[in-house]
Amino acid sequence: EKKSSEYKSNIAVFLNEIEYLQKELPNIEERKNTNNSNLECNIIKVDEISIKLKENLKMIKDYNNKILELETEFKSIDDLASSLDINFDKVGDFLNSNYIKQSEINLKIQTSKNNILEMEKELFVYDEEILKCTSEIDQAKKVNQSKVDELSNLIKYEQELKNKILGFEKIFETRTTKLNIYKEEYEKSLFSQKEKQNKLKVLNDLESNMEGFNYSVKEIIKASKSSKLSGVCGSVDDLLNVDEKYALAIETALGSSLQNIVVENEDYAKRCIKYLQELKKGRATFLPLTSIKAFEFKEKAVFDEMGFIDLGVNLVKFDMKYKNIVYNLLGRIVIAEDIDIATHIAKKYNYKFKIVTLDGQVINAGGSFTGGSKLNNVGVLTRKSEIEKLNFEIDNLINENEITSKKILNKKIELDKIKAEIDILQKEKNEKMALNYKYNSEIQSSSSFISQLEKNINNLFENKSKYTIKI
């Protein structure tokens, strides 16, 4: 009986230890729930511990069954001892045998306790690793979210850069089109300027050589310019300025009188004639300011005629010093629009005065008609008017070309600035695109890492659930 009591006492201790271990298992499980790290490698260890724990529990169960069997045997022995005369030596041997079995059970129970303590330590390590893994996941998610936010802002900024580049490219295209227009205008204007300058050079050469003038007139003018003769005012052509529109009519009206030479008085006229006579330079007509009288046009009613333009004298500009000369030559010449109007006026006033049309047709006083096409080599007065016109046009073209040239230069500078701005924006855009690619790669990699960790955590919780059921 003493050994049986000890045996029962040991079993009671063993059961208390088992109860303690069972109470500790939820605490171990609770610590295990906080761990989220190194999941895949820990799952195998947990399974091994589960298997060991299962084996120990089975052994404990077996021991409990054996204890029950022993208790049953003890009861049977007590019953038999009270009712029968039993050989107590045999009972002692039987009890000794059971004591040995109890010792073996106690050893196994102690081994199980040690195994459970070892599993508890390992589960604690797993809890620490899971906790560390969970912390890493949280940190990875924060970093990942930060990258996502940065990528979102980056995409917005990239779009802003694209819009800016498109805007500058449209401006660049518009400015380039305008620059090409300026260049085209400049080239056309420059070509026109050179063309007119060449024409002007030819006309100036003709003018300086007095092309179209009689030899005698040229000699008198040359002698005057070289101070061989004095008192020479110049040819009639030199003293008049006329609008291009009326140049042909005035030139036709004056005819050969354009080459008449105006001098200060009769003495200068005689000296010039003597000069030509002595040097055999030909003949010329001289108009002394002191002897030439102005003519007055008396048919005032002609001013109201349809198609009447004006008197010739009113269509030229001159120094009032030469008023008598100009009025003498053009004071009684009527300028009309065309030959039909000139004919009508001439008939109406009985051919009393000379009428010249704008295109150079003539109805002479007395009724004779002179006309036809204009000869290209005739027109010293027209040439003079053309020279003035060309000078004016060339000056305008030069000014316009200078302005256009400045516009072209400004446009080029402007385009260079726009191009530089586009290059800067494009470079920045390329940098942002590279950064975009980097962020996408990092986010993808981080997301894959987080997904794998979460998958491992799910596997761990699944195994843990199975492990808890087994416990």
Side-chain angles (χ1 to χ4, degrees), residues 196 199-200 203-204 206-213 217-218 220-221 224-225 231-265 268 284-300 302-303 305 307-338 342 353-362 374 378-397 399:
K196 291 181 184 297
K199 186 176 181 181
L200 178 63
L203 291 176
N204 281 329
L206 292 175
E207 187 72 11
S208 62
N209 294 328
M210 299 186 70
E211 193 70 28
F213 283 87
V217 175
K218 290 181 182 179
I220 292 296
I221 298 300
S224 173
K225 289 180 178 179
V232 177
C233 298
S235 65
V236 171
D237 168 66
D238 289 335
L239 305 179
L240 300 179
N241 286 307
V242 60
D243 190 276
E244 181 186 11
K245 181 179 179 180
Y246 308 115
L248 178 59
I250 298 301
E251 188 170 343
T252 303
L254 290 173
S256 61
S257 297
L258 278 170
Q259 299 194 42
N260 291 349
I261 300 171
V262 178
V263 292
E264 295 289 345
N265 54 46
Y268 288 118
T285 299
F286 298 92
L287 304 175
L289 292 175
T290 54
S291 62
I292 300 299
K293 305 300 180 183
F295 291 126
E296 182 180 357
F297 187 76
K298 297 180 180 181
E299 304 296 337
K300 304 296 183 181
V302 77
F303 288 93
E305 294 293 337
F308 169 82
I309 294 177
D310 209 334
L311 294 177
V313 71
N314 294 329
L315 299 177
V316 296
K317 297 176 183 178
F318 53 89
D319 191 325
M320 291 305 294
K321 176 181 178 179
Y322 309 112
K323 180 180 177 180
N324 287 345
I325 301 293
V326 178
Y327 271 83
N328 180 273
L329 296 174
L330 296 172
R332 291 187 297 180
I333 296 178
V334 172
I335 308 299
E337 288 185 1
D338 55 45
F353 44 82
K354 185 176 182 179
I355 304 174
V356 181
T357 65
L358 291 176
D359 62 352
Q361 314 307 321
V362 182
K374 176 187 175 184
V378 176
V380 292
L381 193 60
T382 304
R383 182 174 67 208
K384 185 178 179 182
S385 176
E386 182 71 9
I387 289 172
E388 291 178 356
K389 177 186 175 184
L390 285 173
N391 278 320
F392 177 77
E393 290 177 349
I394 289 169
D395 288 341
N396 285 339
L397 285 172
N399 291 333

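The first residue of the sequence shown is numbered 1, and numbering continues consecutively from there.
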Practice problem: Starting at NZ of K323, measure out to CG of L289 and round the result to the nearest 0.5 Å. | Solution: 14.0 Å
Quiz item: Any side-chain heavy atom of L315 sitting closer than 4.5 Å to one from I250?
Solution: yes
Quiz prompt | Ionic contact status for E299 with R332, cut-off 4.0 Å | solution = no
Quiz prompt | Derivation and outcome, side-chain contact (heavy atoms from CB on, under 4.5 Å), residues F303 and D310 | solution = CA-CA 7 Å; F303 288 93; D310 209 334; 4.0 Å; yes
Practice problem: Heavy atoms only: give me the nearest C233-E264 pair and the separation to one decimal. | Solution: SG-OE2, 3.4 Å
Quiz prompt | Nearest non-hydrogen partners of K293 and N328, listed with the distance | solution = O-ND2, 2.7 Å
Quiz item: Taking the side chain as C-beta and beyond, is there a heavy-atom pair between L239 and D319 under 4.5 Å?
Solution: no
Quiz item: How long is the gap from OH on Y268 to OG1 on T290, to the nearest 0.5 Å?
Solution: 11.0 Å
Practice problem: Any chance you could lay out the side-chain contact (heavy atoms from CB on, under 4.5 Å) test for Y246 and L358, step after step, and finish with the verdict? | Solution: CA-CA 6 Å; Y246 308 115; L358 291 176; 3.7 Å; yes
Quiz item: Hey, are the side chains of Y322 and L240 touching, using non-hydrogen atoms and a 4.5 Å cut-off?
Solution: no
Practice problem: Mind listing the closest non-hydrogen atom pair of S224 and V232 along with its distance? | Solution: OG-CB, 3.5 Å
Quiz item: For the atom pair CG (L200) and NZ (K389), what is the distance rounded to the nearest 0.5 Å?
Solution: 12.5 Å
Exercise. Could you walk me through whether F213 and I221 pass the side-chain contact (heavy atoms from CB on, under 4.5 Å) test, one step at a time?
Key: CA-CA 11 Å; F213 283 87; I221 298 300; over 6 Å; no
Quiz prompt | pair E337-I309: side-chain heavy atoms closer than 4.5 Å | solution = yes
Quiz item: Does some side-chain heavy atom of I325 sit less than 4.5 Å from a side-chain heavy atom of F318?
Solution: no
Exercise. State, to 0.1 Å, how close N324 and I292 come at their nearest heavy-atom pair, and which atoms those are.
Key: CB-O, 3.5 Å
Practice problem: Can you see which heavy atom on G360 is nearest to which on T252, and at what distance? | Solution: O-CG2, 3.3 Å
Self-check item: Any L311 side-chain heavy atom under 4.5 Å of L330 side chain
Solution: no
Quiz item: Under a 4.5 Å cut-off applied to non-hydrogen side-chain atoms, are V313 and Y327 in contact?
Solution: yes
Quiz item: Minimum heavy-atom separation for I355 to A336, with atom names?
Solution: CG2-CB, 4.0 Å
Self-check item: Over 12 foreign heavy atoms within 6.0 Å of NZ, K298
Solution: no
Quiz item: Do V316 and V242 come within less than 4.5 Å of each other through their side chains, counting heavy atoms only?
Solution: yes
Quiz item: D338 and D359: side-chain contact (heavy atoms from CB on, under 4.5 Å), yes or no, with the steps?
Solution: CA-CA 7 Å; D338 55 45; D359 62 352; 5.9 Å; no
